[in-house]
**Student:** 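Sending over a structure as structure tokens; questions will come in a sec.
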Amino acid sequence: MDNFWQTCSNQLELELTPQQYTAWIKPLVALDYEDGKLRIAAPNRFKLDWVKSQFANRITALASEHYQRPVDVQFVLDPKNSMPKKAVSSAPAPMPSSSGALGINAAADKTVPEMPVVTPDNVIANNPRREQSRVNPDLTFENFVTGKANQLARAAAIQVANNPGVSYNPLFFYGGVGLGKTHLIHAIGNQVMADQPGARIRYIHAEQYVRDVVTAYQRKGFDDFKHYYHSLDMLLIDDIQFFGGKSRTQEEFFYAFEALIAAKKQIIITSDTYPKEITGMDDRLISRFDSGLTVAIEPPELEMRVAILMKKAESEGVMLNDDVAFFVAKHLRSNVRELEGALRKILAYSRFHGKDITIDVVKEALKDLLSVQNRQISVENIQKTVADFFNIKVADMYSKRRPANIARPRQIAMYLAKELTQKSLPEIGELFGGRDHTTVLHAVRKIAQDRTKNAECNHELHVLEQTLKG
Ligand SMILES: Nc1ncnc2c1ncn2[C@@H]1O[C@H](COP(=O)(O)OP(=O)(O)OP(=O)(O)O)[C@@H](O)[C@H]1O
């Protein structure tokens with residue numbers, strides 16, 4: 001057991017940045033292992049949630065490797081640090097105040113229950129406001145790299161952080177996985193907390209909110225639940241698509257939403273898709289999500305990917321050469337999380353082997369990742385994915401038929417083939433039924449242009465790209 005945890009910690013120390021390791025892994029304690037069940041304790045609820053969402057898969061994989069069997073890893077609060085339930089105030093929340101940008105009323109504030117009774121185990125001695133907010137202090141505007149893909153989102157975030165509850169309410173960010181939505185809403189939370197330390201802010205992942213609703217339901221604790229959420233100054237809710245199909249959660253959230261907006265308290269929401277496309281979501285919520293400002297975060301373009309790599313390497317005390325950064329950025333296109341993972345691998349590899357970071361070292365360190373990328377994105381794969389998406393036959397990709405419902409998907413597939421593979425225009429033409437390279441060029445230009453003008457087209461392409469990149 002100790003032996004496992006030592007090995008696991010050592011491995012994670014290699015894979016993660018020193019800050020990540022110190023902040024998230026070091027405070028963990030392996031409690032016990034029995035019969036394929038491993039329990040790991042985190043010192044507080046915030047760390048528990050974060051470790052679960054960010055590192056659970058990796059720790060489970062390492063445990064299964066170590067014990068040579070599937071291991072069920074359970075993360076729990078460190079029994080030494082959990083507080084008894086009665087320690088949490090359940091005094092009734094006052095009416096949300098309307099004074100100040102965030103409506104903070106210091107006197108009334110003292111009587112507000114900090115957490116709903118349903119999650120009582122997280123009163124932290126040092127800085128209760130910050131801990132209870134669950135805002136991650138590491139995710140700030142300063143370390144958020146900007147480019148075309150996210151400049152609008154960042155501008156809106158800064159505007160809202162400067163004038164919470166006033167400018168855009170709600171603020172709704174949508175985009176694919178690992179593109180910085182979570183980072184951005186934490187950055188807003190951090191800035192508001194710095195400007196107004198007394199603000200009652202809460203970051204919550206939508207899945208956790210659903211669990212809280214279920215617990216409140218089981219314990220008949222909806223009054224406390226309502227008191228808590230309705231008296232916040234700012235609610236940051238992540239991945240709201242998880243509410244899809246959960247009508248009781250949606251109903252509770254609807255009340256919280258109405259109460260907060262009416263009291264000019266800021267709500268910021270993220271989702272993997274724009275409001276109308278969230279499946280199983282009540283229409284009245286969808287229309288409310290869209291009533292403030294809805295902004296997309298797109299996958300980072302090449303220059304931005306390079307800048308992100310450079311910045312992240314710099315924070316590790318490493319200077320990446322331009323050619324290395326461009327090489328990585330050209331090959332890994334889907335999202336920032338993937339770039340971070342690749343950089344960690346490169347740094348670990350170069351440290352372990354005592355080698356400078358060159359393109360050859362990168363190729364070696366990212367061998368698996370690069371081969372998966374190359375394997376996944378073939379022109380055939382693109383043709384099949386696009387055909388499925390538009391509900392046409394794959395054969396239409398090569399046929400000479402030209403009705404619009406076929407011609408356009410074909411142009412989209414040609415565009416994606418140019419974007420996502422290393423094939424030349426004539427090669428692509430050949431793979432689309434022996435078409436001339438000028439036909440491909442025309443398609444690529446047309447779709448590229450439509451993409452900049454038409455949000456729906458851009459979104460379709462974005463979804464296709466995410467699907468293709470797996
Ligand atoms: N523009 C950026 N600059 C610096 N770091 C970024 C940027 N965008 C994303 N990141 C980093 O990439 C990682 C993934 O970002 P984040 O968790 O915010 O993505 P997300 O869009 O919320 O994804 P998901 O939908 O999977 O939750 C985080 O470590 C984040 O700090």
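Values below: every heavy atom of this structure, side chains too, minus hydrogens, waters and symmetry copies. We're numbering straight along the sequence, starting at 1.
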**Student:** Answer yes or no: are there more than 12 heavy-atom neighbours, outside Arg445 itself, under 6.0 Å from its atom CZ?
**Tutor:** no
**Student:** Does the pair Thr385 and Leu464 meet the rule for a side-chain contact (heavy atoms from CB on, under 4.5 Å), with working shown?
**Tutor:** CA-CA 7 Å; Thr385 308; Leu464 282 165; 4.1 Å; yes
**Student:** Take atom CG in Asn57; do more than 12 heavy atoms of anything else shown fall under 6.0 Å from it?
**Tutor:** no
**Student:** How close do Ala157 and Leu184 get, heavy atom to heavy atom, and via which atoms?
**Tutor:** CB-CG, 3.9 Å
**Student:** Examine Arg248 relative to Phe222 and say whether NZ or CZ is less than 6.0 Å from the centre of the six-membered ring and inside a 45° cone about the ring axis.
**Tutor:** yes
**Student:** Between the side chains of Asn458 and Glu298, does any donor sit under 3.5 Å from an acceptor?
**Tutor:** yes
**Student:** Ignoring hydrogens, what is the shortest heavy-atom contact between Ala149 and Pro300? Give both atom names and the distance.
**Tutor:** CB-CA, 3.8 Å
**Student:** May I ask you to check whether Phe172 and Tyr274 place their ring centres under 6.0 Å from each other?
**Tutor:** no
**Student:** Between Glu252 and Lys226, is the closest basic N to carboxylate O distance under 4.0 Å?
**Tutor:** yes
**Student:** Determine whether Arg408 and Asp450 satisfy the following criterion, salt bridge (Lys or Arg N to Asp or Glu O under 4.0 Å), listing intermediate values before the conclusion.
**Tutor:** CA-CA 11 Å; Arg408 186 164 171 81; Asp450 285 0; 3.0 Å; yes
**Student:** For Asn10, is the CG atom crowded, meaning more than 12 foreign heavy atoms sit under 6.0 Å from it?
**Tutor:** yes
**Student:** Are a donor atom and an acceptor atom from the side chains of Arg154 and Gln151 found within less than 3.5 Å of each other?
**Tutor:** no
**Student:** What are the two closest non-hydrogen atoms of Pro137 and Asn190, and how far apart are they?
**Tutor:** CA-OD1, 3.6 Å
**Student:** Would you say the side chains of Tyr415 and Arg451 form a donor-acceptor pair under 3.5 Å?
**Tutor:** yes
**Student:** Test Lys311 against Glu314 for salt bridge (Lys or Arg N to Asp or Glu O under 4.0 Å), laying out the working first.
**Tutor:** CA-CA 5 Å; Lys311 178 137 194 158; Glu314 198 186 306; over 6 Å; no
**Student:** Salt bridge check: are Glu340 and Arg337 linked by an N-O gap of less than 4.0 Å?
**Tutor:** no
**Student:** Examine distances only and state if a side-chain atom of Gln250 and a backbone atom of Asp282 form a donor-acceptor pair shorter than 3.5 Å.
**Tutor:** yes
**Student:** Between Pro170 and Ile261, which heavy-atom pair has the shortest distance, and what is it?
**Tutor:** N-CD1, 3.9 Å
**Student:** Would you say Tyr203 and Asp238 are linked by a side-chain donor-acceptor pair, where the criterion is simply a distance under 3.5 Å?
**Tutor:** yes
**Student:** Using the rule given for side-chain contact (heavy atoms from CB on, under 4.5 Å), can you reason through Glu13 versus Ile25, listing the C-alpha separation, both sets of side-chain angles and the distance that settles it, and then say yes or no?
**Tutor:** CA-CA 8 Å; Glu13 190 171 8; Ile25 306 301; over 6 Å; no
**Student:** Spell out, as yes or no, whether a donor-acceptor pair under 3.5 Å connects the side chain of Lys446 to the backbone of Gln411.
**Tutor:** no
**Student:** Does a side chain donor of either Asn169 or Gln266 reach within less than 3.5 Å of an acceptor in the other side chain?
**Tutor:** yes
**Student:** Please check this pair: side chain of Arg305 against backbone of Ala329, looking for a donor-acceptor N/O pair closer than 3.5 Å.
**Tutor:** yes
**Student:** In terms of side-chain heavy atoms, does Asp138 have a donor or acceptor partner in His186 at a distance below 3.5 Å?
**Tutor:** no
**Student:** Counting only heavy atoms not in Ile359, do more than 12 sit closer than 6.0 Å to its CD1 atom?
**Tutor:** yes
**Student:** Checking Asn162 against Gln191: is there a side-chain donor and acceptor pair closer than 3.5 Å?
**Tutor:** yes
**Student:** Would you say the side-chain atoms of Asn143 and Thr140 include a donor-acceptor pair closer than 3.5 Å?
**Tutor:** yes
**Student:** Please report whether the ring centroid of His205 lies less than 6.0 Å from that of Tyr209.
**Tutor:** no
**Student:** If you take all heavy atoms of Gly189 and Ile201, which pair is closest and at what distance?
**Tutor:** O-CD1, 3.9 Å
**Student:** Could you walk me through whether Glu258 and Arg288 pass the salt bridge (Lys or Arg N to Asp or Glu O under 4.0 Å) check?
**Tutor:** CA-CA 9 Å; Glu258 293 286 270; Arg288 275 160 182 83; 2.8 Å; yes
**Student:** Test your reading of the model: is there a side-chain donor-acceptor pair from Lys246 to the backbone of Met281, 3.5 Å cut-off?
**Tutor:** no
**Student:** Over all heavy atoms of both residues, which pair between Thr421 and Ala417 is shortest? Give the atoms and the distance, please.
**Tutor:** OG1-O, 2.6 Å
